[in-house]
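Quick note on labels: first sequence line is chain A, next is B, and so on, each numbered from 1. Everything quoted here is computed from the prediction, not taken from an experiment.
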Amino acid sequence: MGRIKLIYDKLLKHFGFQGWWPVTPSCGAEPVYGIKTRTEDQIFEIIIGAILTQNTAWTNVEKALIQLNKNKLISIEKINKINKEELAGLIRSAGYFNQKAERLKIISEFLLENPINRLKKENIKSLRTKLLKINGVGPETADSIILYALNKPIFVIDAYTKRVCGRMGFREKMYEELQTLFMENLPKDAKVFNEYHALLVELGKNYCKKKPICKECPVTSLCKKDLNSIKKMD
DNA sequence: CGCCAGGGCCTCA
DNA sequence: TGAGGCCATGGC
């Protein structure tokens, strides 16, 4: 069995099932994990979360999502209509609030022209191309939307994944290279891609941090411990 | 107090 | 293509 799959098995055993993407169960409630089927509002909330979490701690995103829920704004039409400055005030806790308010307006406009029901039917490649044209949507955000909001099998690469893979000793560095590495060594299953990415985030937060805790790391036996990479990422 | 978090865009070599 | 600046809050 390949290293990619071995790492996955160990991470799953160590951290347990993650059940991303966390979604607020009702207005103002704290996001919960492990929901399986998504309503259209929940799908939109995931898309909003994917924008808000750009280079931002999820705890700060949660607060912003709660504000939006309290104001009944998890709605494509309402985000489209709301005044940008007012929106920025509501998502303040997520940081970069002016940029993100602008991005939420842009993507909700896109969703008016490209309804979620129609996006669901598109193939991944054309969908990804379309999403990447949206200002404020880069590769990670696009892939998060495809995987976590629309439940289609694509692998999400983030800063944690890059750091972990560098230290582990994988040669791939570019986004699409890393994405291919994972997708070619795993079953083409959205559930596996979903879970694996979430587990890598857990690993990056708890062990493979800027200052790594290799002694306690659950996948240390599978790691090359690339010191050069560790120093470079420090 | 400084560091960092589930990026992306823009500019300049 | 790659490095660097910029956007900003809240937790530790």
Side-chain angles (χ1 to χ4, degrees), chain A residues 8 11 15 17-24 30-34 45-68 84-107 110 128-150 154-167 171-179 182 190 193-213 229-234:
Chain A
Y8 176 67
L11 290 177
F15 291 109
F17 181 69
Q18 301 297 304
W20 274 24
W21 183 286
V23 169
T24 57
E30 194 174 301
V32 294
Y33 294 73
E45 191 186 277
I46 293 171
I47 294 173
I48 293 174
I51 299 283
L52 294 184
T53 199
Q54 289 171 352
N55 199 37
T56 299
W58 180 254
T59 50
N60 289 354
V61 177
E62 265 186 22
K63 298 178 201 303
L65 288 176
I66 289 169
Q67 285 308 304
L68 294 178
K84 196 195 300 174
E85 286 68 35
E86 190 183 344
L87 178 58
L90 290 168
I91 63 170
R92 187 175 180 281
S93 70
Y96 310 126
F97 46 82
N98 289 316
Q99 265 193 13
K100 286 175 179 176
E102 170 75 13
R103 291 177 183 180
L104 290 183
K105 300 284 288 178
I106 291 174
I107 203 159
F110 170 84
R128 189 171 199 267
T129 304
K130 207 173 278 186
L131 289 172
L132 287 175
K133 285 179 185 161
I134 303 171
N135 191 0
V137 176
E140 184 185 340
T141 306
D143 292 336
S144 293
I145 290 171
I146 296 169
L147 176 64
Y148 290 107
L150 301 176
I154 196 161
F155 203 94
V156 177
I157 304 298
D158 67 344
Y160 289 131
T161 311
K162 289 177 186 167
R163 186 164 74 202
V164 168
C165 287
R167 291 174 178 173
R171 301 170 185 281
E172 293 81 352
K173 293 183 189 302
M174 298 294 91
Y175 188 100
E176 275 78 10
E177 283 179 349
L178 280 163
Q179 184 172 56
F182 282 93
F193 294 168
N194 176 325
E195 195 56 26
Y196 203 155
H197 173 70
L199 288 165
L200 285 170
V201 171
E202 240 9 64
L203 181 68
K205 278 183 181 173
N206 295 295
Y207 299 98
C208 207
K209 308 197 260 194
K210 287 231 166 180
K211 273 179 82 99
I213 311 175
S229 173
I230 290 176
K231 278 182 184 169
K232 264 171 68 181
M233 305 299 247
D234 237 10

Rounded distance (Å) that lies between atom C1' of B:dG6 and atom OH of A:Y160: 6 Å
Comparing A:T56 and A:T59 on DNA chain C - which has the more 5′ nearest nucleotide: A:T56
A:W58 aromatic ring stacked with six-membered ring of B:dG6, 5.5 Å and 30°: yes
Value in whole Å for how far the C1' atom of C:dC12 lies from CG of A:N206: 14 Å
Atom pair distance, as rounded to whole Å: CZ in A:F15 and P in B:dG6: 13 Å
Validation row, ring centre A:F182 to ring centre A:F193 under 6.0 Å: no
Aromatic stack A:W20/B:dG6: centroid gap under 5.5 Å, interplanar angle under 30°: yes
Check: A:S93 side chain, A:K63 main-chain N or O, donor-acceptor pair, under 3.5 Å: no
B:dG7 base / A:N55 side chain donor-acceptor hit below 3.5 Å: yes
Distance in angstrom units between A:Q54 CD and C:dG10 P, rounded: 18 Å
Among B:dA5, C:dG10, C:dA8, the nucleotide that comes nearest once only the side chain of A:R92 is considered: C:dG10
Nearest-Å distance for atom pair NZ/C1', residues A:K162 and B:dG8: 11 Å
Short side-chain N/O contact to B:dC9 OP1/OP2 from A:R103, under 4.0 Å: no
Opposite nucleotide pairing with B:dC3, Watson-Crick or G-U, both atom distances under 3.5 Å: C:dG11
d(NZ, A:K133; P, B:dC9) in whole Å: 14 Å
Polar side chain donor-acceptor pair, A:Y175 to A:D143, under 3.5 angstrom: yes
Phosphate OP1/OP2 of B:dA5: any A:R163 side-chain N/O under 4.0 Å: yes
Sugar-phosphate only, base, or nothing, as touched by A:V137 at under 4.0 Å among non-hydrogen atoms: sugar-phosphate
Below 4.0 Å: OP1/OP2 of C:dG11 and any side-chain N or O of A:K63: yes
Lys/Arg N to Asp/Glu carboxylate O, A:K162 vs A:E140, below 4.0 Å: no
Short side-chain N/O contact from A:T141 to OP1 or OP2 of B:dG8, under 4.0 Å: yes
Exercise: do A:E202 and A:N206 side chains pair donor with acceptor under 3.5 Å: yes
Close aromatic pair by centroid cut-off 6.0 Å: A:W58 and A:W20: no
Touch class at under 4.0 angstrom, heavy-atom based, for A:G138 against every strand present: sugar-phosphate
Interatomic distance, A:Q67 CD vs C:dG10 P [rounded to whole Å]: 11 Å
Protein-nucleotide distance (A:L132, atom CG; B:dC9, atom C1'), rounded to Å: 13 Å
Which residue lies more 5' along DNA chain B, comparing A:N135 with A:A57 via nearest heavy atoms: A:A57
Shortest side-chain distance from A:N60, nucleotide among B:dC4, C:dT9, B:dG6: C:dT9
Closest-nucleotide ordering on DNA chain B, the 5'-leading residue of A:G136 and A:T53: A:T53
Sugar-phosphate, base or nothing in reach of A:Q99, heavy atoms under 4.0 Å: base
B:dG6 versus C:dG5 - spacing of their C1' atoms, nearest Å: 22 Å
